[in-house]
2 protein chains.
Amino acid sequence: MASGAPVRPLRADARRNRERLLAVAEEVFAAKGTGASTEEIARQAGVGIGTVFRHFPTKEALLAAVFLGRFERLGEQARALSTAAEPGPAFFEFFTLVVDQAPAKNAFADAMEQAGVDVQGVTSGIAGELTAALEELLGRAQAVGAVRADLGVAELKALLVGASRAVEFAGDREACARTLAVFVDGMRPTGG
Amino acid sequence: MASGAPVRPLRADARRNRERLLAVAEEVFAAKGTGASTEEIARQAGVGIGTVFRHFPTKEALLAAVFLGRFERLGEQARALSTAAEPGPAFFEFFTLVVDQAPAKNAFADAMEQAGVDVQGVTSGIAGELTAALEELLGRAQAVGAVRADLGVAELKALLVGASRAVEFAGDREACARTLAVFVDGMRPTGG
DNA sequence: CTAGAATCGGAGTTGTGACTCCGATTACAC
DNA sequence: GTGTAATCGGAGTCACAACTCCGATTCTAG
């Protein structure tokens, strides 16, 4: 199960390059979509193409690494908010938070769909943690009656993706706010 | 403004091929995304690549033609429903209708964003009609108090795109229904 | 039926982007 | 400081997809 190779720590310059590449890739993919070329990323990171492929054997691997990082951070945020005193506001804060980071999140959905990659597979470990954190956050909010009871984590994920798309499409800030309000109100319990 | 060339009617076989291409392209783009190759479309339509490019000088033009057709049909459906006796149910029926046709609709959003094409420009005429029909449909539903008053056509479009994405992501039919319910309830008037 | 124009088909061109390879360079142990 | 193994850089390869071109084919007017 656990991989056999002991993986000695990377040389300092290699580690720097790897981190820089991840940061730049996240930015570029968010800005230009997942169709952005690896050459573009290499150039912006100030390294050669060879270096990109040394660290990430395929473009898909690079994408996966970027999304894994994003998932990790989302999971942390969700966990942090899931211990908040008021589960209701915490839940909606998280929702808004994710949607505000929409561009990168959409790049994620795009990539996974287009590449035909198995989302559950590639990101299984981290995604599992994220799912658990979402479950906690959602469950608590439902327990205090802040969120309708007929929603599960699957629906929540779908709504996160949909909301990200929607606000990206809405344009100006006020339209975004009104659009987001529909999601928020729609997730509240029906009929009081 | 009106173009000068009198455009003589196409030869019978040419018109057949053109229609067949549009139909096949819509299917293929919906199934495999807008990244599907023109060769694939030509093959499935049973024509040569040359024929595709004779009718649609670029791939982008083919995409635009497909979406124009879709917009046209949506506009018709919206217009038909906008004269219904009960504006509220008519509005929500239209919303559901569009979302059920999600795949193709998403292909639209993808293409326009990725290609960097000006949506308003390419589809201006038809999109204008669609917008007008949406406005009518929305306005009537709001007038009878079936839909919250703070939504405009821009928000409605964003919600249509977002909902399409969301249900596409949701997976099984029941999750889709619960997800859609969030949209529907969220668009209803608040506190009333 | 025939002439001739419109249309078709698909091999070939061109451009782009993922990925490889290996000599040059650099970090680290001693 | 020096040896050496890890890392870097980027020219070159390969595959694929958009688009062109022109001889072959098909439609239609007469």
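All heavy atoms count here, side chains included; hydrogens, waters and symmetry mates do not.
Between B:L74 and B:Q101, the closest side-chain pair of non-hydrogen atoms falls below 4.5 Å. Contact check for B:L62 versus B:I41: side-chain heavy atoms found under the 4.5 Å cut-off. Residues A:T131 and A:K157 form a side-chain contact, since some pair of their non-hydrogen atoms from C-beta on lies under 4.5 Å apart.
Residue B:F53 has its side chain nearest to D:dA18 when only D:dA18, D:dC8, C:dG9 are considered. Among the nucleotides D:dT7, C:dG9, C:dA18, the one closest to the side chain of A:A14 is D:dT7. For A:N17, the listed nucleotide lying nearest its side chain is D:dC8; candidates were D:dT20, D:dC8, C:dT7.
Nucleic acid contact for B:A12: sugar-phosphate only, since backbone atoms but no base atoms lie under 4.0 Å from a heavy atom of the residue. Among the atoms of the strands shown, none is found under 4.0 Å from any heavy atom of B:A61.
Taking only side-chain nitrogens and oxygens, A:H55 never comes nearer than 4.0 Å to OP1 or OP2 of D:dT7. When the side-chain nitrogen and oxygen atoms of B:T38 are compared with OP1 and OP2 of D:dA18, one or more of them lie within a distance under 4.0 Å.
What separates CZ of A:R20 from P of D:dG9 is a distance of 12 Å, to the nearest Å. Atom CZ of A:R15 is separated from atom C1' of C:dC28 by 15 Å (rounded to the nearest Å). Atom-to-atom, CD1 of B:I49 to C1' of D:dA18 comes out at 9 Å; the value is rounded to the nearest Å. In this structure, CG of A:L10 is placed 12 Å from P of D:dA6, rounded to the nearest angstrom. Between the CD atom of A:E19 and the P atom of D:dT7 there is a distance of 14 Å, rounded to whole Å. Atom P of nucleotide D:dC16 and atom NZ of B:K32 are separated by 14 Å, given to the nearest angstrom. Computed from coordinates, the A:R18 CZ to D:dC8 C1' distance equals 16 Å when rounded to whole Å. At whole-Å resolution of the value, CD in B:E40 and C1' in D:dC19 are 18 Å apart.
Applying side chain to side chain contact (heavy atoms under 4.5 Å, CB included) to B:F91 and the options B:L138, B:V144, B:L134 leaves one that passes, B:L138.
Panel note: side chain A:R15, backbone A:L10; no donor-acceptor pair is recorded below 3.5 Å.
Closest-nucleotide positions on DNA chain D for B:D13 and B:R54 were compared, and the one nearer the 5' end corresponds to B:R54. When the nearest nucleotides of DNA chain D are assigned to B:R16 and B:P57 by heavy-atom distance, the more 5′-ward of the two goes with B:P57.
Counting atom types as modelled, B:R11 pairs no side-chain N or O with a base atom of D:dT28 as donor and acceptor under 3.5 Å.
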